[in-house]
Amino acid sequence: MITIKGLRKAFGDQIVLDNLELEIPAGQATGIVGPNGSGKTTMIKHVLGLVKADEGTITVNGTKLNGHSDYRSQIGYMPQMARYPENMRVSELLDFIKEIRGVEETSEDELIELFELENELHKPLRTLSGGNRQKVGATLAFMFNPKIIILDEPTAGLDPKSSVRFKKLIREEKANGKTILLTTHIMSEIEELADHLIFLVEGKVRYDGPMSELMNLKQEDRLESAVAKMMEEAA
């Protein structure tokens, strides 16, 4: 479980997270939605330890974040736009990350086969298409069998075949008890994959609960319509 208490972050005069209070349930897929600039990415960066909070605390599976990085070994992260050394080959990147993590046993081979990356392994990263770069990011996120998987716009650039396979992988990991955080503007993906929903506006939580309850609350059959209605109400 990820517990966030009183989290506040400002950049200059702009408050990005405003006394955020959340408990992200373990063993479920949680969708994090909200308009652009609502604080979704900043919240994720705090959980990853990439940004230091002005106020508040974060606890990941019982470990309070206090400057140590050991807890990150439990997390797999797939950013929307990953930046890799452009001259490094895909196989070299995978080996490099394994060396940094100090882990030899991974599910690397299965993921390479799943995403059909065999022919890309010896290519420099600068030559890869956007979709194949996403597949590399997915491989890195899942290959260490993490307990927590954070996915930021994960299917952007993927072809339909790869997208279907990727979603199947997410469902399998959820069935295995993994905690999954998913941010995307594609509401059909949230509806398809998530159990729990968090809706942020201007750094504040406007909804935190089961996705089905939000649709009932807003009297909508589809999540996209329910979220759109909340955005209108918050405007």
Side-chain angles (χ1 to χ4, degrees), residues 1-72 74-81 141 146-154 174 178-187 189-191 193-215 217-218 223 226-235:
M1 178 181 289
I2 300 172
T3 302
I4 298 173
K5 293 186 176 181
L7 189 64
R8 185 182 185 279
K9 183 64 180 179
F11 296 105
D13 295 332
Q14 182 182 4
I15 298 174
V16 182
L17 298 175
D18 190 3
N19 197 34
L20 209 61
E21 299 274 345
L22 284 173
E23 283 197 359
I24 298 172
Q28 295 187 30
T30 297
I32 304 172
V33 301
N36 292 329
S38 60
K40 302 185 297 295
T41 298
T42 302
M43 186 193 79
I44 287 173
K45 287 182 177 180
H46 278 82
V47 174
L48 293 170
L50 300 177
V51 175
K52 185 177 180 181
D54 296 332
E55 297 176 15
T57 61
I58 300 175
T59 304
V60 176
N61 288 341
T63 300
K64 184 177 178 181
L65 275 59
N66 58 3
H68 298 295
S69 60
D70 291 349
Y71 79 97
R72 294 180 193 168
Q74 305 177 47
I75 298 176
Y77 174 51
M78 182 180 174
Q80 180 180 359
M81 294 182 64
K147 295 178 181 179
I148 299 170
I149 302 165
I150 300 176
L151 308 170
D152 191 359
E153 300 284 352
K174 183 172 69 171
K178 303 296 180 64
T179 301
I180 297 171
L181 275 66
L182 173 66
T183 69
T184 177
H185 289 293
I186 305 173
M187 291 299 103
E189 290 188 354
I190 296 283
E191 196 168 352
L193 298 171
D195 312 292
H196 197 85
L197 190 75
I198 294 169
F199 182 76
L200 298 180
V201 176
E202 295 181 347
K204 295 181 179 180
V205 178
R206 296 300 179 93
Y207 180 82
D208 178 7
M211 185 169 49
S212 57
E213 287 188 11
L214 175 63
M215 291 189 282
L217 180 66
K218 298 302 175 182
L223 180 63
V227 170
K229 187 174 287 187
M230 288 197 71
M231 287 184 179
E232 290 174 357
E233 293 168 357

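Residue indices begin at 1 and follow the sequence shown. All values reported here derive from a predicted model rather than from experimental measurement. Atoms considered below: every heavy atom in the structure, side chains included; atoms not considered: hydrogens, waters and symmetry mates.
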Non-hydrogen atoms of Met211 and Ala194 that approach each other most closely: CE-O, 3.2 Å
Minimum-distance pair of heavy atoms, taken over all atoms of Pro146 and Ala141: CG-O, 3.4 Å
Stepwise side-chain contact (heavy atoms from CB on, under 4.5 Å) check, Arg206 with Glu233: CA-CA 10 Å; Arg206 296 300 179 93; Glu233 293 168 357; over 6 Å; no
Criterion side-chain contact (heavy atoms from CB on, under 4.5 Å) on Leu7 and Leu22, from CA distance to verdict: CA-CA 9 Å; Leu7 189 64; Leu22 284 173; over 6 Å; no
Reported CE-to-CG distance for the pair Met78 and Leu182, which is rounded to 0.5 angstrom: 10.5 Å
Ile186 versus Thr184, closest heavy-atom pair with distance: N-OG1, 3.0 Å
Lys218 side chain to Val227 backbone, donor-acceptor under 3.5 Å: no
Sidechain-backbone polar pair: Ser38 side chain, Pro35 backbone, donor-acceptor under 3.5 Å: yes
Between CD1 on residue Ile24 and CG on residue Leu181, distance to nearest 0.5 Å: 4.5 Å
Side chain proximity check, Ile148 to Val47, heavy atoms < 4.5 angstrom: no
Neighbour count >12 (heavy atoms, 6.0 Å) for atom NZ, Lys147: no
Heavy-atom side-chain contact between Gln80 and Thr41 under 4.5 Å: no
Separation of His196 NE2 from Ile32 CD1 (nearest 0.5 Å): 9.5 Å
Atom CD of Glu153 with >12 non-hydrogen neighbours under 6.0 angstrom: yes
Side chains of Ile4 and His46 in contact at under 4.5 Å (non-hydrogen atoms): no
Check: Leu65 and Val60 side chains under 4.5 Å, non-hydrogen atoms: yes
Flag side-chain contact, heavy atom, 4.5 Å: Met215 against Leu223: yes
Exam field: side chain Lys9 to backbone Lys52, donor-acceptor pair closer than 3.5 Å: yes
From CA spacing to verdict: side-chain contact (heavy atoms from CB on, under 4.5 Å), Arg72, Tyr77: CA-CA 10 Å; Arg72 294 180 193 168; Tyr77 174 51; over 6 Å; no
Main-chain N/O of Ala29 paired with Asp195 side-chain donor or acceptor, under 3.5 Å: yes
Value rounded to 0.5 Å, distance of CZ in Phe199 from CG in Asp208: 12.5 Å
N/O donor-acceptor pair under 3.5 Å between Lys40 side chain and Gly34 backbone: yes
Which atom of Val16 lies closest to which atom of Phe11, heavy atoms considered: CG2-CD1, 3.3 Å
Side-chain touch Val33/Met187, heavy atoms, less than 4.5 angstrom: yes
Donor-acceptor pair, side chain of Glu21 and main chain of Gly6, under 3.5 angstrom: yes
Reported OG1-to-NZ distance for the pair Thr59 and Lys5, which is rounded to 0.5 angstrom: 7.0 Å
Within 6.0 angstrom of Lys45 NZ, more than 12 heavy atoms from elsewhere: no
Sub-4.5 Å side-chain heavy-atom contact between Tyr71 and Asn61: no
Distance-minimising heavy-atom pair for Leu17 and Gly39: CD2-O, 3.6 Å
Flag, side chain of Glu55 to backbone of Asn19, donor-acceptor distance under 3.5 Å: no
Test item: Arg8 side-chain N/O and Ala53 main-chain N/O as donor-acceptor pair under 3.5 Å: no
Closest heavy-atom pair and its distance - Gly203, Leu20: O-CD1, 3.4 Å
Straight-line distance of Leu193 CG to Thr30 OG1, nearest 0.5 Å: 12.0 Å
